[in-house]
Amino acid sequence: MSKMIDKITAEDRRIAADILDDLQAVLHAADVKLPSLGIDWRSAKATGVILIDLGAARPEIIERLVVVLRRCMRP
């Protein structure tokens with residue numbers, strides 16, 4: 001069953017990996033590092049649903065992320 005899910009989700013997995021790379025690049029440019037950021041491959045193999053896991057981070061890291069997001073939302 002897992003091989004079938006792998007075949008069906010190959011394109012979705014590639015897209016998710018590209019999006020993750022883009023997110024990491026943007027966060028790096030903003031000096032924000034989410035240490036647990038990654039793709040939840042285990043869930044993807046079990047369900048076929050690809051999830052990007054933002055993971056856990058210290059409050060000061062999330063605070064920097066909030067500042068960056070707020071800055072981007074200003075008109």
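Please read all numbers here as calculations on a predicted model, not as lab measurements.
Across all non-hydrogen atoms, the minimal contact from A16 to I50 is CB-CG2, 3.3 Å. When every heavy atom of G38 is checked against every heavy atom of L20, the shortest pair comes out as CA-CD2, 4.0 Å. Contact detail for L51 and S43: the closest heavy-atom pair is CD1-OG, 4.0 Å. Smallest separation of non-hydrogen atoms from G55 and S36: CA-CB, 3.6 Å.
Using a 4.5 Å heavy-atom threshold, the side chains of K33 and L27 count as separate. Between L34 and L23 the shortest side-chain heavy-atom distance does not fall below 4.5 Å. Residues I52 and D40 are not in side-chain contact: their nearest non-hydrogen atoms beyond the backbone lie 4.5 Å or more apart.
Put simply, W41 and I15 are part of the same group of oily side chains (I, L, V, M, F, W, Y) that touch within less than 4.5 Å, one to the next. Residues V68 and I19 share a hydrophobic cluster, clusters being chains of Ile/Leu/Val/Met/Phe/Trp/Tyr side chains in contact below 4.5 Å. Cluster annotation: L69 and L54 are assigned to the same hydrophobic cluster (Ile/Leu/Val/Met/Phe/Trp/Tyr, side-chain heavy-atom contacts under 4.5 Å, transitive). In the hydrophobic clustering of this structure, I61 groups with V66; members are Ile, Leu, Val, Met, Phe, Trp, Tyr whose side-chain heavy atoms approach within less than 4.5 Å, directly or through other members.
Other cluster members for V67: none, since no ILVMFWY side-chain heavy atom sits under 4.5 Å from it.
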